[in-house]
Amino acid sequence: MADSMAQAAPQDGGTRRDFLQLVTASFAAVGVGAMAWPFISSMNPARDVLALSTTEVDLTPIAAGSAVTVMWRGKPVFVRNRTPEEIKEARAVPLSELRDPQTDQARVKKDNWLVLVGVCTHLGCVPLGQKPTDPRGDYGGWFCPCHGSHYDTAGRIRKGPAPLNLAVPDYAFNGDAKITVG
């Protein structure tokens, strides 16, 4: 009788128990995935955060020689429509005089439009120079009164304790009259 039972077992090694274990494990994996999905999905950024990841700026109201400040990711961004004189000044500076050497052409996509993150690279202050009445420092760009950093018309550090130029954010032109920052 023991011989007849041995012959009834499948020869390929699979049994009903193996099948039930596989089905049970599959259901458990699907159940764990279904329970974990809301938690994983909650780690995605909220809609309001995604909306702040880019900022669109209309350039038409910005006259030559003036600037606006917009907020992007909680930081001020300076958008300046530079005059031909400001561009000429920025391009005339020898790189050997700069602490953080960058050409003016490397910092702009269109000669007259300069887009910078308006945070001083020394201690994170917001430099002055956006309003016509603001002091612009010794080089006609921006001046951080907290510790005396002077930036030129390309946002490059020229004098004071700041170690780096004002940062240039990622931005793209949408035609001639708009840019998207971020």
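When atom types are taken as modelled, the side chain of Asp152 and the backbone of Gly141 share no donor-acceptor pair closer than 3.5 angstrom.
Within the model, atoms CZ of Arg82 and CD1 of Ile87 stand 5.0 Å from one another, a figure rounded to the nearest 0.5 Å. For the atom pair CG (Asn165) and CZ (Arg158), the distance works out to 10.0 Å, reported to the nearest 0.5 Å. With rounding to the nearest 0.5 angstrom, the NE2 atom of His150 is 4.5 Å from the CG atom of Asp138.
Residues Thr153 and Glu89 have side chains that never bring a donor and an acceptor to within less than 3.5 angstrom of each other.
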Report the C-alpha distance between Arg80 and Glu86 in whole Å, list the side-chain angles of each, state the deciding distance to 0.1 Å, and finish with yes or no for side chain to side chain contact (heavy atoms under 4.5 Å, CB included). CA-CA 11 Å; Arg80 183 180 282 183; Glu86 289 176 325; 3.7 Å; yes
Evaluate side chain to side chain contact (heavy atoms under 4.5 Å, CB included) for Ile179 paired with Asn174, printing each intermediate quantity in order. CA-CA 5 Å; Ile179 60 169; Asn174 302 332; over 6 Å; no
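Pairing each heavy atom of Gln130 with each of Thr69, the nearest pair is NE2-OG1, 3.2 Å. Heavy atoms only, all atoms of each residue included: Trp142 and Pro127 are closest at CB-CB, 3.9 Å. Closest heavy-atom contact between Ile62 and Ser66: CG2-O, 3.5 Å. The minimum heavy-atom distance between Asp104 and Ala154, with the atom names listed, is OD1-CB, 3.3 Å. Summarising the geometry of Arg156 relative to Gln102, their closest heavy-atom pair is NH1-O, 2.9 Å, with the distance given to 0.1 Å.
Taking the six-membered ring where tryptophan is involved, the planes of His122 and His147 are perpendicular, since the angle between them exceeds 60° and thus also 30°.
Just one of Leu116, Val119, Val117 meets the side chain to side chain contact (heavy atoms under 4.5 Å, CB included) condition when paired with Pro76; it is Val119.
Stacking of Lys159 on the aromatic ring of Tyr139 is not recorded, the 6.0 Å distance cut-off and the 45° axial limit not both being met. A cation-pi arrangement is present between Lys110 and Phe173 under the rule of less than 6.0 angstrom and at most 45 degrees off the ring axis.
No more than 12 heavy atoms of other residues, nucleotides or ligands sit less than 6.0 Å from atom CG of Asp176.
When the side chains of ILVMFWY residues are joined at heavy-atom separations under 4.5 Å, either directly or via intervening members, Val70 and Leu59 end up in a single hydrophobic cluster.
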